[in-house]
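Atoms within each ligand, like the ligands themselves, are counted from 1 in listed order. Only heavy atoms go into these numbers, but all of them, side chains included; no hydrogens, no water, no symmetry mates. Quantities reported herein were computed from a predicted structural model and do not represent experimental measurements.
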Amino acid sequence: MLQQVEEVKSKTDIVTIISQYVDLKKAGRNYKANCPFHSEKTPSFMVSPELQMYKCFGCGESGDVISFLEKYDGMEFYEALKYLAQKAGIKLEPTGFQQKGDKEKLYLLNSYAAKFYEYVLLNHKAGKIALSYLTENRGLSIDTIRSFNLGYSPDVAFALKNFLVGKKGFHEKDLENAGIVYKTERGYFDRFRGRVIFPLFDHRENVIGFAGRILPQDEDKKFAKYINTPETLLYHKSNVLYGLNLSKKEIKKQNKAIVVEGELDLISTYQIGIKNTVALKGSAFSKEQARLLGRYSKNVTLCMDSDIAGDQAAMRGINIAESEGLDVSVIELKEYKDPDDIARKNPELFKKIISKPIEIITMIYKRTLNFK
Ligand SMILES: [Zn+2]
C-alpha cells in the first residue's frame with residue numbers, strides 16, 4: 001500500500017492538481033496564490049514543485065497533494081489516492097484499504113436510489129402523474145429531466161427499501177445512514193413517498209442526498225411541500241449548491257454565477273440556456289456555499305423569489321458572501337414571481353435582465369426610498 005501511495009505521488013504533479021482549484025502564479029522556483037484555507041488579500045500560499053508540498057505562511061496549513069485534496073475538496077484518503085491514480089493511469093492493487101469506506105458505500109447506495117427513482121418516473125406507471133406534472137405543468141423536456149436525473153418515489157412504505165435491501169444487498173442500517181429511510185417502532189420506512197425526487201449532487205458528481213416535492217394534487221394531504229435528506233455523513237445542508245455539478249464549467253468560463261433559490265428555478269433557467277446557475281435551496285448564503293462558489297467565480301448575481309432587501313436572512317447571507325470575497329449584484333424580476341416563472345413566460349426578457357445586474361446598494365436605495 002505504502003509503495004503504491006509513493007508511486008501515485010511520484011507520477012503526480014502537485015502544481016497541476018492544485019491549479020485545478022487555485023489560481024497559482026509562478027514566483028521564482030515556487031508558485032503562489034491567495035490561500036484557499038483562509039481569507040487574505042496578498043498571497044501567502046506557496047506550492048513547491050521540487051518538494052511536492054504546499055504551505056501557507058499565513059495560517060500554517062501545509063501538506064502534500066493527498067492532504068490538499070482531503071482538506072480542500074473533502075475527499076477521504078483512499079478517495080484522493082484513487083482519483084490521483086486514475087489521472088496518472090495507475091491501477092491500484094487490491095488491498096484491505098480498498099474495502100469501501102463508509103462514504104463510498106453511501107455514494108453507491110445513493111446512486112442506486114437515484115436510478116430507482118428515475119426509473120419509476122420515466123418507465124413505471126406509478127410515475128405517470130409525476131411525469132405529466134413535470135412535462136405539462138412545469139414545461140420540462142425529457143432531456144432536461146434526464147440531465148438532472150429527476151425521479152419519483154412511489155407512495156408506498158417500502159418500495160426503495162425492498163429494492164436496496166432485497167435486490168442490492170444493503171443493510172437497513174446503511175439506508176438509515178444515508179437518510180433515505182427512518183426508523184419507527186414498526187421498522188424502517190422509506191422517507192420519500194409520493195414525491196418528485198431531485199437528487200442532490202456534490203460538485204464531483206456524487207449523489208449526496210435528495211430533495212422531494214409533493215405533487216399539486218397532494219398539497220392538502222401532506223405536510224411539507226419539500227423535504228430533504230437529513231444531515232448525514234455525506235449531506236450537509238450548508239455545503240450544497242444545487243446544480244453546481246452541471247454549471248461549474250460554464251461559471252468558470254463566463255466568470256459569473258447566477259444564484260437562484262430553488263431546484264425548479266434552476267432547472268427552468270438551465271433549460272432556456274442560462275447554464276451558469278446554482279440554487280441555494282433557500283434565500284440565504286451560508287459561509288460554506290460562498291466559499292465553494294468562490295472557487296469558480298467571484299462574480300455573483302442573485303436572482304431570488306423574495307424581496308431581498310426585505311429578507312433579513314438573505315441580507316445576512318449577502319454579508320457573508322461579501323466577507324468571503326464574492327462580488328454580489330442582484331437582478332429584479334419585474335412582475336414575474338420567480339426565476340422559474342420568467343424563464344417559462346419570457347426567456348428573452350430574462351436573459352436581458354441577467355445581463356444588466358444592479359449593485360446591492362442601489363437596490364436597497366430603490367426599495368427603502370421607493371423611487372424608480
Ligand atoms: Zn492560509
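Under the side chain to side chain donor-acceptor pair (under 3.5 Å) criterion, N206 pairs with D202, not counting sequence neighbours. With sequence neighbours left out, the side chain to side chain donor-acceptor pair (under 3.5 Å) criterion links N162 to no other residue. Take D327 and apply the side chain to side chain donor-acceptor pair (under 3.5 Å) test, not counting sequence neighbours, and it matches no residue.
At distances below 3.5 Å, not a single donor-acceptor pair connects side-chain atoms of K9 with backbone N or O atoms of D64. With hydrogens and angles ignored, the 3.5 Å screen pairs a side-chain donor or acceptor of H124 with a backbone N or O of A126.
Excluding waters, the set of protein N/O/S atoms under 2.8 Å from the Zn ion (ligand 1) reads C35 SG, H38 ND1, C56 SG, C59 SG.
Between Y152 and Y117, the gap from one ring centroid to the other reaches at least 6.0 Å.
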